[in-house]
Structures are given as C-alpha cells and as structure tokens.
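Counting starts at 1 for both ligands and their atoms, in listed order.
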Amino acid sequence: MMESSEFDSAPMDKLQEEQAHLLDVLNKIRKQFGPGGATLLEIDDSDDADEALTADEIAEATVEQLKLEKLRNLRIAEREPYFGRLDFCERGGSQCHRMYIGKRGIDDPDTADRMILDWRAPAASMFYSFTGQGEEAGYEAPEGLIQGRVFLKRNIVVRDSELQRVVDSYVHGQSQAAITDEFLLYRLEENKDSRLRDIVSTIQAEQNDIIRADRNLAIIIQGVAGSGKTTVALHRLAYLLYQHQDRMRADRMVIFAPNSMFVDYISEVLPELGVGGIQQTTFANWALRVLDYEVGLQDQSHRLRDWFGLKDERARADAYRDVGTKGSVALMDELHEYLQRFEVEAVPDEDFIPFEGKVLAKDTIEQWYRQDYRNYPLADRRDRVLARVKRWMEISVKESTEADKKSLKRAATAKYRAYEKLWPTLKPLNLYREFLDSHGQLNSDSIYRPKKRGARVEVQVEDLAPLLYIHATLHGVDHRDRFDHVVIDEAQDFSPFQIAVLRAYCPSGSFTILGDLSQSIHTYQGITDWREFADLFEEGESAYYQLDVSYRSTLEIIEFANHIIRRFRQFREAKPVFRSGEQVVVEDIEWKVRLEAAADKLYELKRDANTVALLTRTEEDAHVYHLACLEAGLDAHLIDAKQTEYMGGISIVPIYLAKGLEFDSVLIVDADARHYDESPLSAKLLYVGCTRALHRLCIQYTDELSPLIDASHGQRNSTAS
Ligand SMILES: Nc1ncnc2c1ncn2[C@@H]1O[C@H](COP(=O)(O)OP(=O)(O)OP(=O)(O)O)[C@@H](O)[C@H]1O
C-alpha cells in the first residue's frame, strides 16, 4: 500500500503509469524468489504423513510448509499480481493510500509494508462497496470505523505478467453520469470454460455484503438464476477462513451440493481463491457416512424419471405426499416424542438377581440411569448402565462364598443375558421402522431390502434426516462430525427437517443457505417460503438477503425467461444487467426432422462457443438426442443422474440435471404443449432451462408451441411445412 499525503493532481497517462508500477511490483516479487529463483517452487512437498516425526521435525516441517505457501502465493502473484486499485484518503486528509488489490496479500521486501492487499482484507472491502454514489467510503478496521474519500477506482487486467487493460470506474472530480460498469460487462461477455470461476475482480456491492456477513449468522439467500449465489457462497468461505483463521478450519467446513457432478463443476473456485480442504459433498453421501453405512440409498434415477416424466400434476403430487411429510418439522417433533418414550421406559421393571441371595434393586439401576448417566445420549446411557450391572455381577460372583465359582459365573452370565434382553435394543433403523409403522399416515414401505444376499437395507433420501435425528439422539454428535460452517446450495430443495439436523451438527449456527424459489423443481421435498428455515433459528441468529440481478445471461434471455414465469405470481423475476445480445430464437420444426435439426443447431451454436447444451424434458429424450448427435458426428456428452464429472463441450442433459450449471449457448428441444403444459412445474423447468444460457438461447418445438411461451418475445423461425 503506497502512502502519501495527497494524490498527484495531474497523473500521467494511466496505461504508462500502470505499466511502470507493474514493472516495479514484478521486480519486488521476483526478488523474493531467493537465490534458486522460481525453481525453488518446484520443491517436492508431497505428504510424508506416514513418517513418525519428532516435535522438532514437526516444527521444521511447519516452517517449510509456510515458506512453500509463501512461494506459491508469489508465483501466482507474479502472473496476476492484482486486479484493482483504489486511491483513498482518510478523513482529515492526513493519510492517503494507493491500494492495489489482488487475490493474495504480498509484502514489499524492502519496506515490509503491504504492497498488494488481499481482496479479503478490511480495507479492500471499499473496492467493492464503493459504487461512485458520492465520494465518501469507509470500512471496519480492528481499531474501529475508518472513513474518508475515494479519488480513484480502477480495474486492471494483468495476464501472465503483462498489462492488458486499465478501466477506471470512478475518477474524483469527473462526471459519473456516463459511468456504467464497463469492466463488469467486459467480464460477462467472455465465453466461459467448463468450470465455475472466481469473481474477485468484479464482486458487486450486494454480493460483498453477503460475503462479509457476520460469521455467527445463518445467512439465507434468495437469489434469482445467475445472480451469483453459488459463486458468492464460495467466496464467503474463503473470506471466513481468512478473517477467522483462529476459529474456523477448512476441514470443518462443508458445502452441500445437489449432486456429485455439481461438486465437480464448482471444484476449481476454492483452489483459485487459495483455499483447500473444504468438504464438498451431497447431503445423502454425508448422511450415509455419519450413519456408518448401516443403510444404503435407493437408486434415485427412477424417482427423477418418474417425477419429471409427463404425468398429470395431481397424480404426481399424490405419489410424493409422504416425502413432504417426512421432511417436516412436525414429523421431527413426533419423532422426538416417540424417542422420549425410551427415556421413560428404558429401565426394565424388575430387579436383577444373578444368583440366589444377591439382588440389584431396580431402584438402584434407575438411579444410575436417571442420575449418574443422565448427561449421556440414550444408547450410550443404556450401554453404560448395562456395563455397570455386569461389573456388579462379576464382583458379586468373586465375593461370594460359593466353592464352584465357575458354575456360578456361568449361571449368573445367563441371567445377565436374559436381563439385557429386557432393555430395548436401540438401533436407528429398527426404531425408525417401528415409528413409521406406528404412525397414522406413514408406513415403512420406503425401507427396502434388496434381494441380493448380504445386501444392505436401502432407504430414500427423505428417510435420511429422520435416521440422522435418531442416530444423534441415541449416540449424540461425535465432535469429529461437527462443522464450523455449513454451505447449502440449491437449498430450496432441502426440507426443514434436513436443515434442523444440520443445525445439530454445526453448533456455532454459522450457515450460508442459498437457493431460488422460482427454481424449486423438486417441490415434493423442498420449501415454499424461506421462513420455514429461518424459523429453525432463534431470533437474531439468521439474516435474509436477496439477490435480484442476474449476471449470467443477456438482457434478451432474461426477459424471455421472465415472461414464462410472469403468470405465476409467486415467482420472482430476475433483473438483467444491461448486457445486450442476440434475440432468443424460437423455431417451429417438422417432427420427422427434429433430431437432425437439433444436431444442426448444436453444430452452429458450437462454432462461437466453448460450452453448449441441448436440454430435454426427460432423461429418455436426452438419450434419443444424444444418439442422434453422435450419429451426426458431434462430440456430445450425455449427462444423466449417475454422472459424477462435468466434461464441458457439448452436453445433452435433462433440464432438471442442468440446474446450477451454465453454458455459453443453450438449445431447448421439444418445447411443445405436451412436454410443457401450463403447470408451475413445466414453467419452472423452462425457466431453469432458459437461464442456463449466457449468450445465446434457441428453442425448438414441433406441432403446438407450449402455452407458457409467447414467441413474440423472441425471433420466430419456421421450417415446418
Ligand atoms: N460479480 C460478478 N462478476 C462477474 N461475474 C459474475 C458476478 N456474479 C456472478 N457472476 C457470474 O454469473 C454466473 C452465475 O453465477 P452462479 O452460478 O454463482 O449463480 P447462481 O445464482 O448460483 O445461479 P443458479 O441459481 O442459476 O444456479 C457465473 O458465470 C458467475 O461467474
């Protein structure tokens, strides 16, 4: 951070100025590589975890690790040292700073001052929160609120150590009327590669507020499609780890994603932000592990195919009613009461008599259970009491005057075994099954034992939260399973019961919960109002944020997507960034040539795009189009429910599996009245499909266009005769 009492009144040409500064900074970075230069960075840092190390060796290894980390940061900074500059004078004008802001904080080797400010540092916050409305800005520093005036906000693009672009978004004293965020538009217009990327150089003020929100809160974010929810949540993790290094650990943070492929899709953002070791998983995978794999999960593809198939909405709702019930807080309360019974009735109503003349009174056993072990979870309590009863029995045998101790012990042990059986067996699955069968409206049909010998019992996703709840009541929450922070993406598809269970695994209550109710296509298990989650937290423990601007798609695409959901009042429309592109194309295709037409369109779209998707309503359709594309010589990847890796290029995918992803260009096929009737589910699916596109969107249909689409919102083409 360069300091002066005032900024130059007549700065030189900004490119020259930044060129000179960049050279200076690069020299200072390179100076720190040491005598070995960059080669030092190739040091083998593979993990020698197997070796037993002495305390000195551990200390030495830690120092080495830190050195390596520093070198890694320098190497990254050498390629792209910073992306922004903010000239700021503290109130009173005594202290002025020229702050360069980058992905990593780097010191000046000569003065030991901060030469590049880490984007997460308190002062860097102004780079994002300052929008040019007035010249005042401020930030929370450890010593209190620092306020002052901004003189310049500048975006700088450096790639591979070369200065490429300098864009001022605020210059003190110049009229701000014409300033649009030119730099943001420049970034949004780029084609994307196949993975989600960091946005440190263009974080918007409303996103910055979320990223830097209080660590102890459960943040609930309703954000329209493409508003940056997933991206913001990942940046928030990087921020929390930087800001609260002493309280939070990466390996105790978790991101719950909707499926394994999505985990792969977002996998590059955190490493780019210098963060590693955060668990990224699905709720089901995590739950199965905590339950020690005592149960397995039924194949979900069948259910997905069924729900998103072309059934009548009412038939669908009936078939899935139990799923909603199982995810409710009411069910959790009923389960709680059911388990209480075991607390009250656990101790058998009889004394324990291991052999004649020796009695362990029921009252004593009750006293152990209710007093001595009252702080243990249910199953542990039972086990402790029984272990104590057994010990008492063994001592009694030892102390007895009976000559044949062996026979006495054998007989007493048999008595003990019989007594043990009088206690309830506390196995989560058994208890859950009994609970369901004793419930007026539910039954245990969803618990399924595959025919194969030795196969594990399989349950449905909605059974996992109740099972975890029982597990935690019986055994407590193992401290190794506790989280410092939990991120839940696509949270509109989570049930309140799932969130309540996660609450128990994250005692700090530090959550980032994000989703979009307009995209809730799994309505059988999700929520309809964010209050259902907020109510699970105490007053003041949660905060609600809304992101209404979509950064992903062009103005034309957003307007087209909005018109589809407009008729349903409960949906929230996205506001576009003013980025104009091509009209959405709506094509009427003759049925018998629809496959060829789709392949031709993909071919055309791929010419100026990195990633293209063909979106279908059903998985069966995706298979058909995939084959047709392969036959047409296109290198297309089919994405089905089992896919764990996202390949990029051309993807053929049912819309419900494309949620969360984005593509430069999108083709939605079969947008006819049969595939997309006037129901909310069809509207949501089309909305999700349209909002996957960044730059170009094309819709193809045969016969009758879906009543949800008004073709006048796009450009209409017809090849049908
Ligand atoms: N401030 C920003 N600067 C540049 N790009 C941004 C910004 N915010 C979001 N984006 C881009 O917008 C796109 C959408 O982001 P992201 O996938 O995180 O949104 P989302 O709200 O999770 O979307 P969806 O609900 O559709 O899954 C990404 O390409 C992301 O890089």
Side-chain angles (χ1 to χ4, degrees), residues 83-84 119 127-129 131 155 157 169 181-211 221-237 255 257-259 261-262 265-270 272-273 487-493 512-521 545-554 557-558 561 565 571-577 579 610-611 613 615 646 648 655-664 666 684-695:
F83 52 79
W119 67 276
F127 184 73
Y128 304 114
S129 59
T131 56
N155 289 95
V157 181
S169 56
D181 204 336
E182 184 195 329
F183 188 71
L184 174 67
L185 292 185
Y186 156 77
R187 295 308 303 260
L188 296 178
E189 269 159 16
E190 290 174 322
N191 275 349
K192 296 290 165 84
D193 52 21
S194 56
R195 295 284 186 291
L196 198 65
R197 289 284 168 207
D198 77 80
I199 55 162
V200 281
S201 60
T202 51
I203 293 170
Q204 299 298 290
E206 80 271 15
Q207 297 174 325
N208 187 45
D209 289 345
I210 296 174
I211 292 169
I221 310 162
Q222 156 60 44
V224 297
S227 55
K229 296 180 294 294
T230 305
T231 314
V232 163
L234 298 173
H235 285 65
R236 175 161 165 72
L237 286 175
I255 302 166
N259 53 55
M261 191 188 60
F262 192 76
Y265 170 67
I266 61 171
S267 61
E268 279 175 20
V269 180
L270 288 170
E272 272 198 46
L273 295 175
V487 171
I488 304 170
D489 202 347
E490 303 285 353
Q492 74 281 348
D493 296 333
T512 307
I513 299 172
L514 48 133
D516 179 13
L517 295 178
S518 301
Q519 296 183 65
S520 62
I521 54 176
Y545 289 83
Q546 218 166 275
L547 293 175
D548 291 331
V549 176
S550 175
Y551 296 100
R552 174 183 296 138
S553 317
T554 60
I557 294 172
I558 289 298
I565 54 165
F571 300 154
R572 199 176 290 282
E573 290 185 26
K575 292 193 190 120
V577 182
R579 176 167 85 84
N610 287 336
T611 55
L615 303 180
Y646 175 57
I655 290 180
Y656 59 87
L657 292 177
K659 202 143 69 73
L661 305 181
E662 66 186 17
F663 311 90
D664 293 325
V666 165
K684 285 183 198 173
L685 284 169
L686 274 181
Y687 178 76
V688 169
C690 293
T691 53
R692 299 309 94 202
L694 275 88
H695 310 302

With sequence neighbours excluded, residues passing ring pair (Phe, Tyr, Trp, His ring centres under 6.0 Å) with Y128: none

Residues that F262 engages under ring pair (Phe, Tyr, Trp, His ring centres under 6.0 Å), provided they are two or more places apart: Y265

Give every pair made of an N or O atom of ligand 1 and a protein N or O atom lying under 3.5 Å apart, one pair per line with both atom names and the distance to 0.1 Å, or write 'none'.
residue  : atom   : partner : partner atom : Å
ligand 1 : 1 (N)  : T202    : O            : 2.8
ligand 1 : 1 (N)  : Q207    : OE1          : 2.8
ligand 1 : 3 (N)  : T202    : OG1          : 2.7
ligand 1 : 8 (N)  : Q207    : NE2          : 3.0
ligand 1 : 17 (O) : R552    : NH2          : 3.0
ligand 1 : 18 (O) : T230    : N            : 3.4
ligand 1 : 18 (O) : T231    : N            : 2.9
ligand 1 : 18 (O) : T231    : OG1          : 2.4
ligand 1 : 19 (O) : G228    : N            : 3.0
ligand 1 : 21 (O) : S227    : N            : 3.2
ligand 1 : 21 (O) : S227    : OG           : 3.4
ligand 1 : 21 (O) : G228    : N            : 3.1
ligand 1 : 21 (O) : K229    : N            : 2.9
ligand 1 : 21 (O) : K229    : NZ           : 2.8
ligand 1 : 22 (O) : T230    : N            : 3.0
ligand 1 : 22 (O) : T230    : OG1          : 2.9
ligand 1 : 23 (O) : G226    : N            : 3.0
ligand 1 : 23 (O) : R552    : NH2          : 3.1
ligand 1 : 25 (O) : K229    : NZ           : 2.6
ligand 1 : 25 (O) : Q519    : NE2          : 3.0
ligand 1 : 26 (O) : G226    : N            : 3.3
ligand 1 : 26 (O) : R552    : NH1          : 2.8
ligand 1 : 26 (O) : R552    : NH2          : 3.3
ligand 1 : 26 (O) : R692    : NH1          : 3.0
ligand 1 : 26 (O) : R692    : NH2          : 2.8
ligand 1 : 29 (O) : K192    : NZ           : 2.8
ligand 1 : 29 (O) : E662    : OE1          : 3.0
ligand 1 : 29 (O) : E662    : OE2          : 2.5

Test item: E662 side-chain N/O and S553 main-chain N/O as donor-acceptor pair under 3.5 Å: no

Side chain Q519, main chain V688, donor-acceptor under 3.5 Å: no

With sequence neighbours excluded, residues passing ring pair (Phe, Tyr, Trp, His ring centres under 6.0 Å) with H695: none

Any donor-acceptor N or O pair under 3.5 Å, side chains T512, R236: yes

